[in-house]
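What follows is a set of notes on a single structure, which appears directly below.
Throughout, protein chains are lettered first and strands after them, A, B, ... in sequence-line order, and every chain is numbered starting at 1. All values below were derived from every heavy atom in this structure, side-chain atoms included, with hydrogens, water molecules and symmetry-related copies excluded.
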Number of protein chains: 2
Amino acid sequence: MDDSTGSRAKATAGGRRYHHGDLRRALLETAEAMLREDPSWQFTLREVARRAGVSHTAPYNHFEDKAALLAELALMGFDRLREACLAAMPGPGAELRAEYLAVARAYVSFGVENPGLYRLMFSQEAGAAVHENPRSRAAFGVMLEMLERGQREGLLRKRRVRSQAAACWAEVHGITMLTMDGLFRRETVGRKALDEALETLLEGLEP
Amino acid sequence: MDDSTGSRAKATAGGRRYHHGDLRRALLETAEAMLREDPSWQFTLREVARRAGVSHTAPYNHFEDKAALLAELALMGFDRLREACLAAMPGPGAELRAEYLAVARAYVSFGVENPGLYRLMFSQEAGAAVHENPRSRAAFGVMLEMLERGQREGLLRKRRVRSQAAACWAEVHGITMLTMDGLFRRETVGRKALDEALETLLEGLEP
DNA sequence: CTCCAATGTAGACAACGGCAACATAGGGCG
DNA sequence: CGCCCTATGTTGCCGTTGTCTACATTGGAG
């Protein structure tokens with residue numbers, strides 16, 4: 001599982017090579033895989049390098065820092081979160097209500113299915129730079145745009161869109177975190193709690 | 001600031017003593033102080049011990065683990081969060097609406113004023129044991145009881161209380177986290193965004 | 001072909017979490 | 001009173017980590 005991983009290396013078809021070919025990507029993928037296998041894993045650069053089959057200092061040719069790798073990983077997470085939300089959006093003819101629920105469910109699902117990655121995305125270790133990066137803002141743009149459209153079409157209560165978007169965003173983020181922490185389990189909080197919580201907020205948004 | 005800290009030591013009034021007197025409490029207080037001074041501080045047991053004026057292994061007489069100290073610190077945070085929410089509650093004659101806003105604001109304020117501690121409370125490092133502890137559940141009980149009362153008095157839409165509580169809790173938790181991450185700043189999201197977001201949810205709760 | 005920049009390796013360092021062995025205190029017991 | 005036992009603290013050590021410096025190996029530009 002060493003060089004057969006990517007095989008999208010740029011070099012010729014030679015056998016084992018001294019240079020990895022695309023170590024940067026390999027490191028990110030390895031780290032994400034380890035995070036998925038054990039969400040509570042205490043991130044160690046050396047272990048990533050080990051598993052990627054390189055020496056423990058090789059990563060420093062591609063990342064300034066351990067924190068830099070974490071940050072890039074977090075940004076990849078935001079990209080994928082955005083894609084997941086966009087993919088869940090029904091066609092352009094759908095009702096706002098259905099669209100809202102679909103996006104919100106997709107958001108929470110992403111977090112619950114990638115707890116390690118999701119936690120990293122909002123952790124301190126990723127660094128403040130992540131949260132100021134357009135790539136993370138873009139993930140929230142999905143919901144913001146949806147609400148903007150809804151208000152333009154008069155489907156939402158007249159109020160600052162950004163406030164409403166903030167409320168939605170906080171709601172899904174909060175639900176996601178609490179679910180991951182095991183505080184939002186079915187047994188604890190009811191079976192359809194997620195949908196009911198989402199609808200409660202939705203009814204506050206509607207006129 | 002060594003032995004004048006607590007002075008609630010059990011021993012006689014002798015001068016400097018070999019035994020600390022109440023090292024356990026001192027360690028927790030020191031750790032919390034360091035967390036407050038630098039919310040992004042990477043917790044190190046040795047540094048806590050150093051600052052508390054003891055050797056780097058002394059903490060092991062009072063805590064199983066680094067994680068155990070973190071966990072106790074997190075539980076203390078939940079205690080204080082609960083107290084802050086209770087303290088913010090107006091008298092028993094107040095309207096539910098005012099009560100809800102007061103508690104929610106107190107909750108968010110606590111997080112924003114103690115970002116390091118708040119983050120720890122919900123971090124992986126604190127361990128799952130924290131979130132299953134009654135002391136952390138009690139903090140959320142404040143909001144839960146408030147909503148239960150509201151529903152009993154018919155001030156809330158008929159719906160599973162636990163779902164509504166979950167929605168509220170997720171909302172305030174989400175707002176708190178996003179504010180701490182700098183994603184909920186006034187410039188970004190509007191001046192009264194917090195209140196508007198809270199009211200948006202409130203209107204979804206009311207009949 | 002030659003040389004150079006990019007990339008990867010080896011070794012060292014300080015700091016960390018945690019263990020083991022030892023030191024000190026202070027109270028219960030004769 | 002003196003002894004000793006347990007709780008508490010200290011020193012020293014180990015393996016691991018992040019990161020620095022020095023060196024090795026490439027593959028492509030000239």
Residues A/Glu29 and A/Arg51 bridged, charged N to O under 4.0 Å:
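Between A/Arg51 and A/Glu29 there is no salt bridge, as every charged N stays at least 4.0 Å from the carboxylate O atoms.
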Got a salt bridge between B/Glu32 and B/Arg80, using NZ or NE/NH1/NH2 to carboxylate O under 4.0 Å?
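Salt bridge flag = yes for B/Arg80 with B/Glu32.
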Test for a donor-acceptor pair under 3.5 Å between the base of [N] and the side chain of [X], counting only N and O atoms.
| X | N | answer |
| --- | --- | --- |
| B/His56 | C/dG17 | no |
| A/Thr57 | C/dA10 | yes |
| B/Arg24 | D/dT8 | no |

Rounded to the nearest Å, what distance is computed from the [atom1] atom of residue [X] to the [atom2] atom of nucleotide [N]?
| X | N | atom1 | atom2 | result |
| --- | --- | --- | --- | --- |
| B/Glu47 | C/dA14 | CD | P | 18 Å |
| B/Glu125 | C/dC16 | CD | P | 15 Å |
| A/Leu45 | D/dC20 | CG | P | 12 Å |
| A/Asp22 | C/dG8 | CG | C1' | 15 Å |
| B/Glu64 | C/dG17 | CD | C1' | 13 Å |
| B/Gln42 | D/dT17 | CD | C1' | 13 Å |
| B/Phe63 | D/dT8 | CZ | P | 12 Å |
| B/Leu69 | C/dG17 | CG | P | 11 Å |

What contact category does B/Ser55 fall into here, base, sugar-phosphate, or nothing, at under 4.0 angstrom with non-hydrogen atoms?
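Base contact.
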If the plane angle is over 60° it's perpendicular, under 30° parallel, otherwise tilted; pick one for B/Phe140 and B/Tyr107.
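Tilted, since the angle between the ring planes falls between 30° and 60°.
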Any idea how B/Phe122 and B/His131 line up, ring-wise: parallel (<30°), tilted (30 to 60°), or perpendicular (>60°)?
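Plane angle under 30°, so parallel.
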Between A/Arg25 and A/His62, is any pair of side-chain heavy atoms under 4.5 Å apart?
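No, their side chains stay 4.5 Å or more apart.
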Whether B/Arg46 contacts D/dT10 is assessed here as follows: a side-chain N or O lying under 4.0 Å from the phosphate OP1 or OP2. Is that the case?
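The answer is no; no side-chain N or O of B/Arg46 sits under 4.0 Å from OP1 or OP2.
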So, does A/Arg50 get its side chain near the phosphate of D/dT16, meaning an N or O under 4.0 Å from OP1 or OP2?
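So the side-chain polar atoms of A/Arg50 never come under 4.0 Å of the phosphate oxygens OP1 or OP2 of D/dT16.
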Identify, between B/His62 and A/Lys66, the residue whose nearest nucleotide on DNA chain D lies closer to the 5' end.
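Mapping each residue to its closest nucleotide by heavy atoms, the 5'-most match is B/His62.
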Nearest listed nucleotide, side chain of B/Val54, among D/dG18, D/dT19, D/dT10:
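Ranking D/dG18, D/dT19, D/dT10 by closest atom to the B/Val54 side chain puts D/dT10 first.
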Whichever of A/Asn61 and B/Phe43 has its nearest DNA chain C nucleotide further upstream toward 5':
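Checking each residue's closest nucleotide, the 5'-ward one belongs to A/Asn61.
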